[in-house]
Number of protein chains: 2
Amino acid sequence: MDDLTEMLKGTLEGCVLEIIGREETYGYVITRQLNELGFADVIEGTVYTILLRLERNGLVQVTKRPSGMGPPRKFYSLNDAGRAELGKFWAKWEYLSSRIDKLKEGGR
Amino acid sequence: MDDLTEMLKGTLEGCVLEIIGREETYGYVITRQLNELGFADVIEGTVYTILLRLERNGLVQVTKRPSGMGPPRKFYSLNDAGRAELGKFWAKWEYLSSRIDKLKEGGR
DNA sequence: AGTGGTACTCGGTGATACGGAGTACTGAGA
DNA sequence: TCTCAGTACTCCGTATCACCGAGTACCACT
């Protein structure tokens, strides 16, 4: 698939929120999950910048735990603000994708 | 609706391509059409930057015609490269939106 | 003469995904 | 023992994009 980076802007962060919302997890695993989900070219550096942003914006709770298999991990989970943001993200996505699909089907 | 600008990145240009692909048209009208299609906050300046980019990238053919109702209009139509780009855009959109919808439905 | 609608250009801003280099810890194989 | 691969995170810089504001210009109507 062609380069998706521009199209991912604004949506990738929402995807990360969704993944975190399911269960407490950490950056390395999130990257792997995104890759498996079809976001094949998303790289670790990108995910970590998103995670730092989420933390800075107060949308997640962070817990550092030793790993046993490498350096310690930073586990992320959503707080109330994060869940609210996730809801807003899906509302925006639904709105946008419905308009674009309508345009695609010939709506004018 | 909340601010969609980040989510529009990468998709708005494709929407403009789609509109141009239907019939030769110009910036002012494209803006109005986008607004009616639900992209309510898209402003003229944004559309014009996209049109200049399309022109610079050689995806459109441009014809200037006097207006009778204001300054002359720059009419845009797709050339072969533009049609190819439009096809790629829809392929990317379908790919991306299917992945995200799957994620939304609980896929993992 | 002035106002409002039409129509385009240009320079700058902020947000985002990406890329690369660097750090650091663990365990397995040469 | 030494190296290498895998795990895990940070930081700094880049490119691209949508947006915004100011400016220019043309026309019609009052």
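Every chain is numbered from 1, with letters handed out A, B, ... down the list of sequences.
DNA chain C lies under 4.0 Å from no heavy atom of any residue of residues 12-20 of chain B. For the segment residues 39-61 of chain B, the set of residues with a heavy atom within less than 4.0 Å of an atom of DNA chain D comprises B/Thr46, B/Thr49, B/Ile50, B/Arg53, in numerical order. Looking at residues 63-95 of chain B, you'll see B/Gly68, B/Gly70, B/Pro71 sit with a heavy atom under 4.0 Å from some atom of DNA chain D.
With a cutoff of under 4.0 Å to any heavy atom of chain A, the contacted region of DNA chain D is bounded 5' to 3' by D/dT7 to D/dC17. Protein chain A contacts DNA chain C over a range whose 5' and 3' limits, counting nucleotides with an atom under 4.0 angstrom from a non-hydrogen atom, are C/dT16 to C/dT26.
Within the structure, no pair that satisfies the ring pair (Phe, Tyr, Trp, His ring centres under 6.0 Å) test touches residues 32-69 of chain B, not counting sequence neighbours.
No more than 12 heavy atoms of other residues, nucleotides or ligands sit less than 6.0 Å from atom CD of A/Glu94. Within a 6.0 Å radius of CG in B/Asn57, more than 12 heavy atoms belonging to other residues, nucleotides or ligands are found.
Here the side chains of B/Lys104 and A/Glu18 are not in contact, with every heavy-atom distance at 4.5 Å or above. In this structure the side chain of B/Arg53 reaches within 4.5 angstrom of the side chain of B/Arg56, judged on heavy atoms. Counting heavy atoms from C-beta outward, B/Val47 and B/Glu44 have side chains that stay 4.5 Å or more apart.
Linking ILVMFWY side-chain heavy atoms closer than 4.5 Å, directly or via other members, places A/Trp90 and B/Leu96 in a single hydrophobic cluster.
Looking at residues two or more places apart in sequence or on another chain, you find a side-chain contact (heavy atoms from CB on, under 4.5 Å) between A/Glu85 and A/Leu17, A/Leu59, A/Lys88. Under the rule for a ring-ring contact (aromatic ring centres under 6.0 Å, His included), the partners of A/Tyr26 that lie at least two apart in sequence or sit in another chain are A/Phe75. For A/Val62, the side-chain contact (heavy atoms from CB on, under 4.5 Å) partners two or more places apart in sequence, or in a different chain, are A/Glu55, A/Val60, A/Lys74, A/Tyr76. B/Lys9 is linked by a salt bridge (charged side-chain N to carboxylate O under 4.0 Å, His left out) to B/Glu6, counting only residues two or more places apart in sequence or in another chain. Residues forming a side-chain contact (heavy atoms from CB on, under 4.5 Å) with B/Ser67 (at least two apart in sequence, or on another chain): B/Met69, B/Arg73.
For the helix from C/dA1-D/dT30 to C/dA30-D/dT1, the angle separating the two terminal helix axes comes to 20°, with each axis derived from five pairs and the value rounded to 10°.
Atoms CG and OH, on B/Asp2 and A/Tyr95 in that order, are 11.5 Å from each other to the nearest 0.5 Å. Taking CG from B/Leu78 and CD1 from B/Ile20, the interatomic distance works out to 6.0 Å, rounded to the nearest 0.5 Å. Rounded to the nearest 0.5 angstrom, A/Ile19 CD1 and A/Leu37 CG are separated by 5.5 Å. Here the OG1-CZ distance, from A/Thr63 to A/Arg65, works out to 5.0 Å after rounding to the nearest 0.5 Å. Taken from CE in A/Met7 to CG in B/Leu8, the straight-line distance is 11.5 Å, to the nearest 0.5 Å.
Mapping B/Thr11 and A/Arg32 onto DNA chain D by nearest heavy atom places A/Arg32 closer to the 5' end of the strand.
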